[in-house]
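Only one structure is covered here, and it is reproduced in the block below.
Numbering of residues begins at 1 and proceeds along the displayed sequence. What you see is a predicted model; the values in this text were computed from it and never measured.
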Amino acid sequence: MSNFSKSAFVVLVLLGAMAAAPPVAKVSVWHSRDLQKLRPASLESLGHFGNHRANFIRRDRTGEAEVHVRTADVFVIQTGQATLVTGGRIPNAKSSTKTEIRGASIEGGQSQVLVPGDIVQIPAGLPHQFVLARGAEVTYFALKIDGK
């Protein structure tokens, strides 16, 4: 086989392998300068990516207590301050969907103050709630990872 034939063969094999390979996923980047311009009323979806989704959230009041049956959360605080309550139990909890439980508050949980730059990972099944002081606001990036 000549060098030209060998090269052509290699190119054909590589082209075949590339055609059979799954497409390369698009990289998503959210620059802080762009996130700072977003002022979602409460939640701005940044996209769904297979087993996870990204959101940018603004809260200006205390949220409901919640438990995600199979979804873990990762939060990155961008602006403001909030108290995160985790653990304990949700009295009078009700299923809002087949994989999520909600209620007004958490009893017996642990509280910690979150400020810009803090990162939190909340495993599936753990009660959690953002509590805000009157007049306070917090914005954060939320990555929701479905454990299916």
Side-chain angles (χ1 to χ4, degrees), residues 7 10-148:
S7 296
V10 169
V11 168
L12 288 174
V13 169
L14 288 173
L15 286 173
M18 288 171 56
V24 175
K26 177 185 167 198
V27 172
S28 298
V29 176
W30 303 284
H31 294 283
S32 61
R33 66 179 176 270
D34 298 326
L35 290 174
Q36 290 171 5
K37 295 174 191 172
L38 287 176
R39 298 290 297 166
S42 61
L43 182 141
E44 177 87 21
S45 175
L46 299 175
H48 294 257
F49 310 95
N51 74 331
H52 63 284
R53 62 187 187 277
N55 299 314
F56 187 68
I57 299 170
R58 179 180 67 83
R59 291 187 184 275
D60 58 6
R61 61 184 168 270
T62 296
E64 288 184 293
E66 53 189 65
V67 174
H68 311 294
V69 174
R70 63 177 201 219
T71 303
D73 285 327
V74 176
F75 300 139
V76 181
I77 306 302
Q78 299 293 307
T79 66
Q81 178 177 307
T83 299
L84 177 66
V85 182
T86 56
R89 67 178 203 83
I90 302 174
N92 303 313
K94 297 193 177 8
S95 293
S96 59
T97 68
K98 62 182 180 179
T99 61
E100 190 162 299
I101 301 161
R102 293 185 177 253
S105 62
I106 291 177
E107 289 181 352
Q110 296 181 327
S111 298
Q112 53 192 316
V113 175
L114 301 177
V115 297
D118 288 350
I119 301 171
V120 179
Q121 187 273 338
I122 300 173
L126 185 70
H128 57 284
Q129 179 180 29
F130 274 98
V131 177
L132 275 69
R134 178 173 292 243
E137 180 177 286
V138 65
T139 60
Y140 56 99
F141 172 81
L143 185 62
K144 303 198 137 309
I145 305 162
D146 192 346
K148 295 184 182 180

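Phe130 meets the ring-ring contact (aromatic ring centres under 6.0 Å, His included) test with Phe75, Tyr140; sequence neighbours excluded. Among residues two or more places apart in sequence or in another chain, the side-chain contact (heavy atoms from CB on, under 4.5 Å) test is passed with Val131 by Thr62, Thr83, Val85, Gln129. Looking at residues two or more places apart in sequence or on another chain, you find a side-chain contact (heavy atoms from CB on, under 4.5 Å) between Ala93 and Ile90, Ile101. Among residues two or more places apart in sequence or in another chain, the side-chain contact (heavy atoms from CB on, under 4.5 Å) test is passed with Arg61 by none. Judged as a side chain to side chain donor-acceptor pair (under 3.5 Å), and not counting sequence neighbours, Asn55 has no contacts. Legend: residues meeting side-chain contact (heavy atoms from CB on, under 4.5 Å) with Ala136, ordered by chain and number and at least two apart, are Leu132, Ala133.
Taken to the nearest 0.5 Å, the CG atom of Asn51 stands 7.0 Å off from the CG atom of Asp146. In this structure, the separation between NE2 on His128 and NE2 on His68 is 3.5 Å, given to the nearest 0.5 Å. Atoms OG1 and CZ, from Thr139 and Arg59 in turn, are 12.0 Å apart once rounded to the nearest 0.5 Å. Taking CD1 of Ile106 as the start and CG of Leu84 as the end, the distance is 8.0 Å to the nearest 0.5 Å. Here the straight-line distance linking atom CG of Leu43 with atom CZ of Phe56 works out to 10.5 Å at 0.5 Å rounding.
Between Val67 and Pro127 the shortest heavy-atom distance is CG2-CA, 3.5 Å.
Proximity of a side-chain donor or acceptor of Thr99 to a complementary backbone N or O of Val69 within less than 3.5 Å is not detected.
The stretch residues 92-116 participates, sequence neighbours left out, in no ring-ring contact (aromatic ring centres under 6.0 Å, His included) pair at all. Identified under the ring-ring contact (aromatic ring centres under 6.0 Å, His included) test for residues 84-103, with sequence neighbours left out: none. Contacts classified as salt bridge (charged side-chain N to carboxylate O under 4.0 Å, His left out) and involving residues 95-107 (residues at least two apart or in different chains) are given here: Glu64-Arg102, Glu66-Arg102, Arg89-Glu107, Glu100-Arg102. Legend: salt bridge (charged side-chain N to carboxylate O under 4.0 Å, His left out) pairs involving residues 121-135, not counting sequence neighbours: none detected. Counting only residues at least two apart or on different chains, no ring-ring contact (aromatic ring centres under 6.0 Å, His included) pair has a member in residues 77-119.
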Let me have the donor-acceptor pairs involving side chains of residues 108-122, under 3.5 Å, with sequence neighbours excluded, atom names and distances please.
residue	atom	partner	partner atom	Å
Asp118	OD2	Val115	N	2.9

